[in-house]
Asker: 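First the structure, then my questions, so here it is.
FYI, side chains are in, hydrogens and waters are out, and symmetry mates aren't considered; it's all heavy atoms of this structure.
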Amino acid sequence: MTVTQLMTKQLVKLQLDGATKDEIMEEMIGLIDEAGGLVDREQYKQALYDREREGSTGIGFGIAIPHGKSDAVKHPCLAFGMKHEGVDWDSLDGEKVKLIFMIAVPERYAGNEHLKILQLLARKLMDETFREQLLTVRKVEDVLQLFETFQS
């Protein structure tokens with residue numbers, strides 16, 4: 001499994017419009033829904049917020065990885081968005097979030113698939129050079145190409 005198998009052009013937005021965490025969550029849910037990844041948008045949204053209540057998905061380094069497991073998801077997806085000015089996400093390090101990765105996984109894949117995606121992302125996102133490269137991309141294709149540089 002690779003990130004580029006989960007993330008299509010439709011699932012990437014280089015400048016998110018939302019000004020708050022909730023607005024950005026809604027915007028990214030919309031990306032996944034419009035790309036055909038959801039059966040029920042509201043049910044998936046509930047799964048995301050249930051997970052967020054367990055603890056912030058703002059992991060530090062300007063990154064948030066909101067994720068939800070739900071029967072409302074048709075197939076595993078990964079949406080990516082950037083907010084260059086940053087947004088408050090109650091991150092572990094107190095920093096604003098600029099890179100947001102939203103994971104959608106069907107309940108039946110919850111264990112393995114969900115963890116594999118998180119591991120893939122975490123491993124690459126700990127690389128400061130990679131994060132800096134991501135923040136400078138200007139085209140959606142460049143995001144996908146950057147992610148092609150690593151495999152699971």
Side-chain angles (χ1 to χ4, degrees), residues 1-93 95-126 130-131 134-135 137 140-144 146-148 150 152:
M1 174 184 62
T2 65
V3 168
T4 51
Q5 289 172 314
L6 303 170
M7 184 191 308
T8 63
K9 286 182 186 181
Q10 288 178 290
L11 293 169
V12 176
K13 189 161 185 184
L14 297 180
Q15 181 56 45
L16 293 162
D17 299 320
T20 66
K21 176 180 173 177
D22 289 338
E23 289 173 353
I24 286 175
M25 293 266 281
E26 193 67 44
E27 196 172 346
M28 293 189 71
I29 292 166
L31 290 176
I32 294 170
D33 193 27
E34 290 166 23
L38 301 177
V39 176
D40 184 325
R41 183 181 176 131
E42 288 304 311
Q43 186 181 342
Y44 173 64
K45 181 178 175 178
Q46 185 64 50
L48 283 173
Y49 279 92
D50 287 348
R51 168 55 190 89
E52 203 67 33
R53 276 191 289 281
E54 293 174 18
S56 177
T57 55
I59 64 168
F61 303 102
I63 302 164
I65 309 177
H67 49 284
K69 302 173 275 190
S70 172
D71 289 329
V73 178
K74 291 180 186 176
H75 50 81
C77 301
L78 176 63
F80 169 67
M82 281 195 277
K83 186 69 178 176
H84 291 280
E85 350 19 296
V87 64
D88 183 23
W89 208 279
D90 296 322
S91 294
L92 301 175
D93 62 0
E95 297 294 317
K96 288 189 173 190
V97 163
K98 294 181 178 184
L99 304 171
I100 302 105
F101 296 86
M102 183 173 280
I103 301 171
V105 178
E107 191 68 51
R108 66 187 178 277
Y109 295 120
N112 280 348
E113 208 66 25
H114 190 236
L115 293 174
K116 283 180 191 174
I117 298 166
L118 280 169
Q119 287 171 342
L120 264 177
L121 281 174
R123 187 168 52 236
K124 194 62 180 173
L125 293 172
M126 292 302 111
F130 182 80
R131 291 192 312 269
L134 246 166
L135 284 167
V137 297
V140 170
E141 294 79 10
D142 294 341
V143 171
L144 298 175
L146 196 54
F147 275 102
E148 283 177 4
F150 72 104
S152 60

Asker: Between Glu141 and Lys9, is any pair of side-chain heavy atoms under 4.5 Å apart?
Answerer: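 Of all side-chain heavy-atom pairs linking Lys9 with Glu141, at least one is under 4.5 Å.
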Asker: Can you list the residues that meet the salt bridge (charged side-chain N to carboxylate O under 4.0 Å, His left out) rule with Glu85, with sequence neighbours excluded?
Answerer: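 Glu85: salt bridge (charged side-chain N to carboxylate O under 4.0 Å, His left out) contacts with Lys83.
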Asker: Go through it in stages, so that I can follow the logic: the residues are Ile103 and Ile65, the test is side-chain contact (heavy atoms from CB on, under 4.5 Å), and I'd like the CA-CA distance, side-chain angles, deciding distance and then a yes or no.
Answerer: CA-CA 7 Å; Ile103 301 171; Ile65 309 177; 3.6 Å; yes
Asker: To the nearest 0.5 Å, what is the distance between CG on Leu14 and CG on Asp142?
Answerer: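 So the gap between those two atoms works out to 8.5 Å.
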Asker: Are Val105 and His67 close enough, and set up right, to give a side-chain contact (heavy atoms from CB on, under 4.5 Å), and what steps lead you there?
Answerer: CA-CA 8 Å; Val105 178; His67 49 284; over 6 Å; no
Asker: How close do Ser91 and Val97 get, heavy atom to heavy atom, and via which atoms?
Answerer: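 Scanning both residues, the minimum pair turns out to be OG-CG2, 3.3 Å.
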Asker: Evaluate the side-chain proximity of Pro76 to Pro106: yes if any heavy-atom separation is below 4.5 Å, no if none is.
Answerer: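 Yes, side chains in contact.
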Asker: Can you tell me how far apart CG (Leu11) and CD1 (Ile32) are? Round to the nearest 0.5 Å.
Answerer: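 The distance works out to 6.5 Å.
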Asker: For Thr20 and Glu23, indicate whether the former's side chain and the latter's backbone hold a donor-acceptor pair under 3.5 Å.
Answerer: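 At least one qualifying donor-acceptor pair exists.
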Asker: If you measure from CG on Leu78 to OG1 on Thr8, what distance do you get to the nearest 0.5 Å?
Answerer: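 Rounded to the nearest 0.5 Å, the CG-OG1 separation comes to 9.5 Å.
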Asker: After noting the C-alpha distance and the side-chain angles of Phe130 and Leu125, does the key distance pass the side-chain contact (heavy atoms from CB on, under 4.5 Å) rule?
Answerer: CA-CA 7 Å; Phe130 182 80; Leu125 293 172; 3.9 Å; yes
Asker: Would you list the pairs meeting side chain to side chain donor-acceptor pair (under 3.5 Å) in which at least one residue belongs to residues 27-39, sequence neighbours left out?
Answerer: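 Output for this query lists Lys13-Glu27.
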Asker: Which heavy atom in Val140 sits nearest to a heavy atom in Val12, and how many Å separate them?
Answerer: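 Minimum heavy-atom separation between Val140 and Val12: CG1-CB, 3.8 Å.
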Asker: Pair Phe147, Leu121 - check side-chain contact (heavy atoms from CB on, under 4.5 Å), show working.
Answerer: CA-CA 10 Å; Phe147 275 102; Leu121 281 174; 4.2 Å; yes
Asker: Give the minimum heavy-atom separation between Ala72 and Gln43, together with the two atoms involved.
Answerer: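 Here Ala72 and Gln43 meet closest at CB-CB, 3.6 Å.
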Asker: Of all heavy-atom pairs between Met82 and Leu135, which one has the smallest distance, and what is that distance?
Answerer: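 Result for this residue pair: SD-CA, 3.9 Å.
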Asker: Please check if any side-chain donor atom of Ser56 sits under 3.5 Å from a side-chain acceptor atom of Trp89, or the reverse.
Answerer: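 Result is no, nothing qualifies.
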Asker: How many angstroms lie between NE2 in His84 and NZ in Lys96, if you round to the nearest 0.5 Å?
Answerer: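 Atom-to-atom, His84:NE2 and Lys96:NZ are 14.5 Å apart.
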Asker: Quick one: pull up NZ in Lys124 and CG in Leu134 and give me the separation to the nearest 0.5 Å.
Answerer: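 Nearest 0.5 Å value for the NZ-CG distance: 10.0 Å.
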Asker: Do Lys69 and Arg51 come within less than 4.5 Å of each other through their side chains, counting heavy atoms only?
Answerer: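 In short, these two side chains do not touch, never coming nearer than 4.5 Å.
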Asker: Distance from Asp50 atom CG to Glu52 atom CD, nearest 0.5 Å?
Answerer: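 The CD atom of Glu52 is 10.5 Å from CG of Asp50, to the nearest 0.5 Å.
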Asker: For residues 37-66, which residue pairs qualify under ring pair (Phe, Tyr, Trp, His ring centres under 6.0 Å), counting only residues two or more places apart or in two chains?
Answerer: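 Not a single pair qualifies under ring pair (Phe, Tyr, Trp, His ring centres under 6.0 Å).
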Asker: Considering all heavy atoms of both residues, which atom of Asp93 and which atom of Gly62 are nearest to each other, and what is their separation?
Answerer: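 Shortest heavy-atom contact: OD2-N, 4.5 Å.
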Asker: With heavy-atom distances below 4.5 Å as the criterion, would you say the side chains of Phe80 and Leu99 are in contact?
Answerer: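 Phe80 reaches Leu99 side chain to side chain.
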Asker: Is there side-chain contact between Leu48 and Met102, with at least one heavy-atom pair below 4.5 Å?
Answerer: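 Side chain of Leu48 against side chain of Met102, heavy atoms only: contact under 4.5 Å found.
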Asker: Might you point out which heavy atoms bring Lys21 and Asp90 nearest each other, and give the distance in Å?
Answerer: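 Closest approach of Lys21 to Asp90, heavy atoms only: NZ-OD2, 4.4 Å.
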